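Worth saying up front: this structure is predicted, and the values here are computed from it rather than measured.
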Amino acid sequence: MTHVKGYILGHSADAARRLAIQDAHFADTSEKLLDDLSLRPGDRIVEFGCGPGSFSRRILGRLGSGGALVGVDASEELLNQAATMLSDARFQPTFADIATLGPWLDGADVVVGRAVLHHVPMAEFLVGRLRARLKPGTRVGFIEPDFRTPLAQLAFLQASGRPELAPLGVWASAINNLYLANRISPAVGATLTQSLRTAGYQNVCGDWSECRSDSLMIENMLMFYDEVRDRLVSLGVMAADQVAEQQRLLRALDPAKLPAAWGIFRVACET
Ligand SMILES: C[S@@+](CC[C@H](N)C(=O)[O-])C[C@H]1O[C@@H](n2cnc3c(N)ncnc32)[C@H](O)[C@@H]1O
């Protein structure tokens with residue numbers, strides 16, 4: 001198994017399935033970001049942290065035969081899954097740590113990343129150096145999850161007659177604490193628009209939306225627990241029996257009656 005040390009979630013086929021579920025959650029926002037970036041058929045696009053390729057597939061759908069998509073990821077397993085799933089000569093899988101801003105960035109017309117910056121320690125340093133590395137006029141866009149904002153509404157609902165929603169909050173605490181235990185910020189998206197402006201990017205537009213809350217959201221949460229159970233236990237975030245109990249409580253929820261448990265930040269700009 002080859003991957004750059006540090007990615008705290010899974011690299012397996014199950015992890016890829018969880019990311020495919022996540023793609024369904026991110027569908028609207030992903031398409032809106034690609035609209036914001038006005039992709040052209042011949043663009044050379046560099047995708048940060050492409051993983052198993054579900055966002056890549058959306059990008060390739062907008063490229064012509066002369067376009068290219070350089071998918072950069074620190075997990076060889078996930079890159080291989082992307083190459084197999086996409087089976088597209090325009091897709092160039094590239095095994096690298098995005099923080100190195102390597103030669104794979106040369107000639108980029110567009111740089112995109114979905115749900116990757118929150119895996120990079122102090123990601124603001126990366127986006128600042130990125131601006132200096134790119135040619136003027138390069139379009140840049142990111143989508144980042146928001147595991148915090150919806151919790152206020154969730155807490156209000158729990159405190160005013162819906163105590164059964166507690167496992168959604170426990171799950172949100174678990175994922176936040178997992179990131180914090182690994183010294184990475186689960187909330188980098190919240191300040192990204194301003195960070196990009198501060199770094200001198202132009203035409204910076206940010207947006208926030210709620211994620212869908214349904215049976216897929218619950219499935220995503222159950223899979224997250226399966227994927228990182230051992231890490232949650234070894235880091236002291238949760239005990240194994242607590243994970244099992246939270247999974248039981250999540251399964252017992254009525255998926256038709258759930259508030260959003262997480263949100264999405266989207267930001268587009270140019271150098
Ligand atoms: C949550 S997944 C998102 C995958 C994909 N962008 C999507 O939206 O389906 C994060 C991805 O970023 C990759 N990643 C994390 N840190 C990275 C780094 N420093 N360099 C390259 N890839 C990284 C992981 O291997 C993983 O594939």
Side-chain angles (χ1 to χ4, degrees), residues 8-10 14-15 17-33 114-115 117-119 143-182 184-194 206-267:
I8 60 169
L9 302 180
D14 282 349
R17 185 165 136 63
R18 187 183 57 74
L19 290 170
I21 291 174
Q22 199 161 288
D23 181 63
H25 286 76
F26 286 158
D28 289 351
T29 304
S30 300
E31 294 300 331
K32 281 183 188 150
L33 181 71
R114 188 178 76 176
L117 291 182
H118 66 289
H119 290 290
I143 288 170
E144 281 296 315
D146 174 10
F147 301 117
R148 299 293 290 264
T149 307
L151 303 186
Q153 183 201 27
L154 186 61
F156 170 77
L157 291 171
Q158 265 179 257
S160 48
R162 298 206 54 196
E164 80 280 7
L165 297 176
L168 300 183
V170 173
W171 179 86
S173 297
I175 194 163
N176 275 286
N177 288 333
L178 176 65
Y179 286 120
L180 294 175
N182 285 280
I184 49 179
S185 167
V188 65
T191 47
L192 190 56
T193 300
Q194 189 55 40
D207 186 57
W208 180 89
S209 55
E210 276 185 351
C211 243
R212 57 194 273 179
S213 46
D214 54 14
S215 55
L216 270 189
M217 176 181 84
I218 298 297
E219 192 177 347
N220 189 330
M221 292 173 168
L222 293 170
M223 292 185 81
F224 163 84
Y225 276 134
D226 283 340
E227 213 175 282
V228 298
R229 178 185 293 103
D230 292 349
R231 271 172 246 197
L232 293 174
V233 172
S234 65
L235 289 165
V237 175
M238 283 171 85
D241 59 341
Q242 287 176 310
V243 171
E245 173 62 2
Q246 290 304 314
Q247 288 185 308
R248 187 187 70 74
L249 292 171
L250 283 170
R251 285 193 190 96
L253 288 173
D254 178 350
K257 295 184 184 158
L258 301 177
W262 47 310
I264 313 172
F265 296 105
R266 171 178 112 241
V267 54

Nearest-0.5 Å distance, [atom1] of residue [X] to [atom2] of residue [Y]:
X: C211; Y: N220; atom1: SG; atom2: CG; value: 8.5 Å
X: M223; Y: Q22; atom1: CE; atom2: CD; value: 11.0 Å
X: E219; Y: L250; atom1: CD; atom2: CG; value: 12.0 Å
X: L232; Y: Q242; atom1: CG; atom2: CD; value: 10.0 Å
X: S30; Y: H25; atom1: OG; atom2: NE2; value: 12.0 Å
X: T29; Y: I143; atom1: OG1; atom2: CD1; value: 6.0 Å

For [X] against [Y], the heavy-atom pair lying closest together:
X: Q247; Y: L222; result: NE2-O, 3.1 Å
X: E144; Y: V188; result: OE1-CG1, 3.7 Å
X: H118; Y: S185; result: CB-O, 3.4 Å
X: L216; Y: A24; result: CD1-CB, 3.8 Å

Checking L180 now: which residues fulfil side chain to side chain contact (heavy atoms under 4.5 Å, CB included) with it, not counting sequence neighbours? N177, P186
Counterpart residues, side chain to side chain contact (heavy atoms under 4.5 Å, CB included), relative to A181 (two or more places apart):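 Once residues adjacent in sequence are excluded, the partners of A181 under the side chain to side chain contact (heavy atoms under 4.5 Å, CB included) criterion are L235.
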Pair D28 + R212: basic N to acidic O under 4.0 Å: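 Not counted as a salt bridge, because no side-chain N and carboxylate O are separated by less than 4.0 Å.
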If you measure from the Lys or Arg side-chain nitrogens to the Asp or Glu carboxylate oxygens, is any gap between R162 and E164 under 4.0 Å? yes
State which residues pass side-chain hydrogen bond (donor to acceptor under 3.5 Å, both in side chains) with D146; sequence neighbours excluded, sorted by chain then number. T149, W208
Counting only pairs under 3.5 Å, give me each side-chain donor-acceptor contact of residues 255-267, with atom names and distances, residues two or more places apart or in other chains.
| from | atom 1 | to | atom 2 | distance (Å) |
| --- | --- | --- | --- | --- |
| R266 | NE | D36 | OD2 | 2.9 |
| R266 | NH1 | D207 | OD2 | 3.0 |
| R266 | NH2 | D36 | OD2 | 3.3 |

Contact between R114 and D23 at the side-chain level, heavy atoms closer than 4.5 Å - yes or no? yes
Is F224 close to L178 at the side-chain level, that is, under 4.5 Å between some pair of heavy atoms?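 L178 reaches F224 side chain to side chain.
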Pairing residues for E31 by the salt bridge (charged side-chain N to carboxylate O under 4.0 Å, His left out) criterion, not counting sequence neighbours: R58, R62
Under 3.5 Å, side-chain donor or acceptor atoms of residues 166-173 against the rest of the protein: list the pairs with distances, not counting sequence neighbours.
| from | atom 1 | to | atom 2 | distance (Å) |
| --- | --- | --- | --- | --- |
| S173 | OG | G169 | O | 3.1 |

